[in-house]
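Sequence positions, counted from 1, serve as the residue numbers for this chain. Every number for a ligand or one of its atoms is a count from 1 in the order of the listing.
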Amino acid sequence: QAKEQGKARYAIFDQAMYQQTLELLQLESDLRQALERQEFCLHYQPIVSLATGKLKGFEALIRWRHPQRGLISPAEFIPVAEDIGLIVPLGEWVLRAACRQLCAWQAQFPHLMPLKMSVNIAGKQIREPNFVAQIEQILVETGLDGSYLQLEITESTLIEYAQETIHALLKIRSKQIQLSIDDFGQGYSSLSYLHRFPINILKIDRSFVSGMHSNAENYEIIRTITTLAHTLGMDVVAEGAETTEQLTILRTLGCEFGQGYLFSRPLNCASATALMSTNPQWLDFTELNQSL
Ligand code: C2E
Ligand code: MG
Ligand code: MG
Ligand code: MG
């Protein structure tokens, strides 16, 4: 009887696997068509100066409006896009759209400038031989000055492909474009590795920030990362700040910037534009929140 049960379980397992494979194939085929069907859009999450509460810039975050499934999270489809090589044209679309948007905002809100636009770059994109040429082309085409653009590369990509990426990173820096390490602290890199890369900004992973006030170890990690970053001349962005307690601690630790639901969720283009038009020059995210 046990044997029969085992067999039944295998049958169920196989069926589940089969179902999963079908779904993945469907996702891949939908994804291949989504770009020309214009199903992608960008949302923009404010990055805020913790000292002044002022808007410092935005991180562009891709969204996919699937005709049947509705909004699909980038956490689900970006890895698939990487697997099937679609990340290269998709990433190019993101870069162009983000640069274009910042140019439009520069014209519309000169009094809020300079703002920076941060764009996530997948490992496969940087390893493309013509990646730097592609960025240069986009800057020329959109008219954006490279010094307002920041590229985010995850710590794992940086470490895994250190040899392959360092040359591209140096070329990018020579265009005045800034480089951030995303999701920093996840344990891939030893801290001593950092000085080898031409990095301007460390983004501390959300997991450390969210556990900070209840977990002494997370607090210590943030303190250590911030001190080291400053020693190396880098700025620090705390990801995923959600409470005023976290804000207070991050300020005390000398983190320059914050990004998180405390200040704002990612906003669609219209909401981000509305935020900047309805708030005068003294737009203060930290103040806004304390008065809530
Ligand atoms: P990420 O680059 O680390 O982006 C930050 C993520 O944290 C975003 O999720 C954002 O919505 C979320 N977040 C921000 N503040 C908070 C907070 O206070 N609490 C919580 N719980 N979450 C917060 P999102 O938009 O779902 O993106 C997930 C990941 O997908 C990104 O992580 C990034 O790795 C990737 N991604 C998004 N857009 C792109 C893109 O255009 N290109 C590439 N290659 N990857 C992208
Ligand atoms: Mg990011
Ligand atoms: Mg991140
Ligand atoms: Mg993340």
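The ligand atoms of ligand 1 that sit less than 4.0 angstrom from a heavy atom of Glu239 are 3 (O). Close approach to Gln45 involves these atoms of ligand 1, each under 4.0 Å from a residue heavy atom: 10 (C), 14 (C), 15 (N). For ligand 1, the atoms sitting less than 4.0 Å from at least one non-hydrogen atom of Val94 are 41 (O), numbered in the order shown with element in parentheses. Less than 4.0 angstrom separates some heavy atom of Gly260 from each of these atoms of ligand 1: 15 (N), 18 (O). Listed by number with element, the atoms of ligand 1 under 4.0 angstrom from any heavy atom of Ala122 are 44 (N). Which parts of ligand 1 touch Glu242 is read off a 4.0 Å heavy-atom cut-off, strictly below it: atoms 17 (C), 18 (O), 19 (N), 20 (C), 21 (N).
Among the atoms of Glu239, no N, O or S atom falls under 2.8 Å of the Mg ion (ligand 2). For the Mg ion (ligand 3), the N/O/S atoms of Glu152 include none lying under 2.8 Å. Among the atoms of Asp183, no N, O or S atom falls under 2.8 Å of the Mg ion (ligand 2). The Mg ion (ligand 2) does not have Ser180 among its coordinating residues (no N/O/S atom, backbone or side chain, under 2.8 Å).
Residue contacts with ligand 1 leave out His43, since none of its heavy atoms falls under 4.0 Å from the ligand. Heavy atoms of Ala241 come nearer than 4.0 angstrom to ligand 1 in at least one pair. For Arg63, the heavy-atom gap to ligand 1 drops under 4.0 angstrom. Not close to ligand 1: Gly91, with no non-hydrogen atom less than 4.0 angstrom away.
Looking at Leu61 next to ligand 1, no N or O pair under 3.5 Å apart turns up. Residue Gln259 has no nitrogen or oxygen atom sitting less than 3.5 Å from a nitrogen or oxygen atom of ligand 1, judged on distance alone.
Remark: Phe77 engages Phe40, Trp64 in a ring pair (Phe, Tyr, Trp, His ring centres under 6.0 Å) (not counting sequence neighbours).
A salt bridge is absent between Lys124 and Glu128; no separation between the charged side-chain nitrogens and carboxylate oxygens falls under 4.0 Å. A salt bridge links Arg69 with Glu76; the closest basic N to acidic carboxylate O contact falls under 4.0 Å.
Restricting Asp182 to its N, O or S atoms, the one at the least distance from the Mg ion (ligand 2) is OD2. Closest to the Mg ion (ligand 2) among the N, O or S atoms of Glu59 is OE2.
Asp205 places none of its side-chain heavy atoms less than 4.5 Å from the side chain of Glu155. Side-chain contact between Phe58 and Gln101 is absent, with no heavy-atom pair separated by less than 4.5 Å. A heavy-atom distance below 4.5 Å is not found between the side chains of Val140 and Glu136.
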